[in-house]
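Worksheet for the structure shown next.
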Amino acid sequence: MEHFIMLIGIVLISCALFDKVFGRTGVPGLFMFILLGMLFGSDGIFKIPFDNYAYAGRVCSAALVLIMYYGGVGTNFRAARPVLKESVLLSCAGTLITAALVGLFAVYVLKLPVLEGMLLGSVICSTDAASVFSILRSRKMNLRYGTASILELESGSNDPFSYMATAVVLALMNGADMGPAAILRMILLQVAVGLGMGFFSAFLIKKLLSILHIEEETLLNALLLGGGLLTYAVTAALAGNGYLSVYISGILIGNSHFPGKWASIRFFDSLTGLMQMLLFFMLGLLSYPSRIPHVALPSLLAALFLTFAARPAATALVLAPLRRPLNQIAFISFAGMRGAASIAFAILAISGGAQLSYDLYHMVFCIVLFSILVQGTLIPSAARRLDMIDDTEDVMATFNDYTREMPVQFVRCILGKGHPWEGRTLSEITMPPGSLAAAVIRRGREIIPKGDTVLERGDEIILCGPEGGSTDSGGLHKVRLSHSDEWTDRKLSELSLHHELIVLIQRGGKTLIPSGDTLLQAGDELYVTSRKDTREA
């Protein structure tokens, strides 16, 4: 037992050191975790024997559930809404078109049997959320046309479709008597149950949060984590798509408001980061480098066709009719990286008893390595060459966990007996220079202040001003406006803000205290206070 714990400690420390030492070379960190696993594996320096595909499949499934759950929780749906149609079409139609094209290539060029070729296409047809998120965030790639949100939403939601395609092909390979109607019923059942359970579990979890009012971070994290795992397990037991259900549930929960939300998002960010390290390390540990030369040529051919033919064709077929710019289509095509999900589905196929004439695991492993090394390294360069960088955008604002220090200070003022503000509206009182009423708490309830809000004895007024402070305050979040945002080029007085208040604007390095006549511009950073359960005075 001591040796096992010692090994885990060495692996985790090694992962951290690898990333720190080699991270500056431009080599994607995910590749370094795979390389470290290969060094510890049977053909590596430390020669740890590990070829248990069934065990690896269970670990991969659990890790993918957490990664997809956080993929939903961390997605800023406000930023993704303008490109929702493009993202959904890419994640479903684009993924299935890619699977079909790669499958046909495997059958007619690589000379694989029909079902085995289609299995290869199904396994590697989805883009990997962990890989794409890692590149976008680590390089802080501010992309035009809402492209970061498209890639984020697509890569987070297309794994369920790859899983469904893989499940259908495996059923056919295992002798299931399934015609087109039966296949369609199977897919519809997976989607319907997955969507239904995703919405239902999110409703239950949010209901529990509103009833229990959990303030302890550890208990809150336990509730959210347990809810995600239970959502997947129940959905899978009902023959639904568990990955789809946890992703939908994560989006609905992550884009709602509840106390302790930001701390929980940071917890899930750290947890999924560790899961990614573990997952990629184990995938490297499971590989046998001595077997790679036997599949190197067909793997390279498949990787080249996938990257430069199948993915671009699928992306163009989906996005061209929507009149998206050609440089955006080209970039999205190239940015479709493969990763842990593809290898996990290959493990699923092998552990499921599929009889194959080729080494599926190492072939997919090589394709993923090609994707991480070639695409992962060249994506920043491709973005610049295709003129996809836009400094008025902020890739970090597409993630729910993005907060940073705000140059504001919050001051609490309680109206006692005889206070000069008692009985007066906010528009009638003179506040400290440059300050603004961010919230009014009355008898335990928080209300969003307006100019006609009448102050009463005992009211607790939260004032903010540009002097320092922190975003770590429940309902405070940041929004960066892009050219396509619905708030851009509009005055604050023209916006339909029900339970939100813009308390601060940063523009070109300057801090602005907003008023109704303030005209919002692309590139503005808005600091917004929001509560779902607030009541207006």
Side-chain angles (χ1 to χ4, degrees), residues 53-54 56-57 60-61 64 91-128 158-191 236 239-244 286 291-292 294-307 309-311 313-314 338 340-368 370-371:
Y53 285 97
C60 284
S61 294
L64 280 179
S91 69
C92 54
T95 300
L96 297 179
I97 292 172
T98 302
L101 292 176
V102 174
L104 292 173
F105 177 84
V107 171
Y108 289 103
V109 177
L110 302 182
K111 303 302 180 182
L112 296 179
V114 174
L115 288 180
E116 294 186 22
M118 290 302 169
L119 179 63
L120 177 63
S122 300
V123 164
I124 64 171
C125 64
S126 70
T127 57
D128 186 71
N158 60 12
D159 287 344
F161 294 95
S162 177
Y163 172 78
M164 284 189 290
T166 301
V168 169
V169 176
L170 284 176
L172 294 173
M173 293 181 69
N174 290 329
D177 185 13
M178 298 175 63
I183 293 175
L184 181 60
R185 283 196 300 271
M186 178 181 175
I187 293 175
L188 290 178
L189 178 63
Q190 285 220 2
V191 172
N241 194 309
Y243 297 111
L244 180 61
L286 191 61
R291 300 179 185 177
I292 290 179
H294 300 291
V295 297
L297 181 58
S299 299
L300 178 61
L301 293 176
L304 291 172
F305 179 81
L306 170 64
T307 305
R311 167 72 177 181
R338 316 295 136 170
S342 296
I343 301 180
F345 293 149
I347 294 174
L348 171 69
I350 295 171
S351 60
Q355 300 298 315
L356 301 172
S357 61
Y358 66 103
D359 189 344
L360 176 65
Y361 178 82
H362 285 91
M363 193 166 178
V364 173
F365 184 82
C366 289
I367 294 173
V368 170
F370 175 88
S371 179

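The shown structure was predicted, so the numbers you read here are calculated from the model rather than taken from an experiment.
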Has the side chain of [X] got a donor or acceptor atom that lies under 3.5 Å from a matching backbone atom of [Y]?
X: R338; Y: C125; value: yes
X: S122; Y: M118; value: yes
X: N158; Y: S126; value: no
X: R311; Y: L306; value: no
X: Y358; Y: M363; value: no
X: S351; Y: L348; value: yes

Measure the [atom1]-[atom2] distance between [X] and [Y] for me, rounded to the nearest 0.5 Å.
X: L120; Y: F105; atom1: CG; atom2: CZ; value: 9.5 Å
X: T166; Y: L170; atom1: OG1; atom2: CG; value: 6.5 Å
X: E116; Y: M173; atom1: CD; atom2: CE; value: 5.0 Å
X: L356; Y: L112; atom1: CG; atom2: CG; value: 9.5 Å
X: M164; Y: I183; atom1: CE; atom2: CD1; value: 13.0 Å

Are any non-hydrogen side-chain atoms of [X] and [Y] less than 4.5 angstrom apart?
X: I292; Y: C366; result: yes
X: N174; Y: Q355; result: no
X: F370; Y: S299; result: no
X: Q190; Y: Y163; result: yes
X: F365; Y: V295; result: no
X: L286; Y: I343; result: no
X: F345; Y: I124; result: no
X: H362; Y: H294; result: no

Heavy-atom closest pair, residues [X] and [Y]:
X: L244; Y: V191; value: CD2-O, 3.9 Å
X: V107; Y: G117; value: CG2-CA, 4.1 Å
X: A314; Y: T98; value: CB-OG1, 3.4 Å
X: N241; Y: P160; value: ND2-O, 3.0 Å
X: A165; Y: L96; value: CB-CD2, 4.3 Å
X: T95; Y: S162; value: CG2-N, 4.2 Å

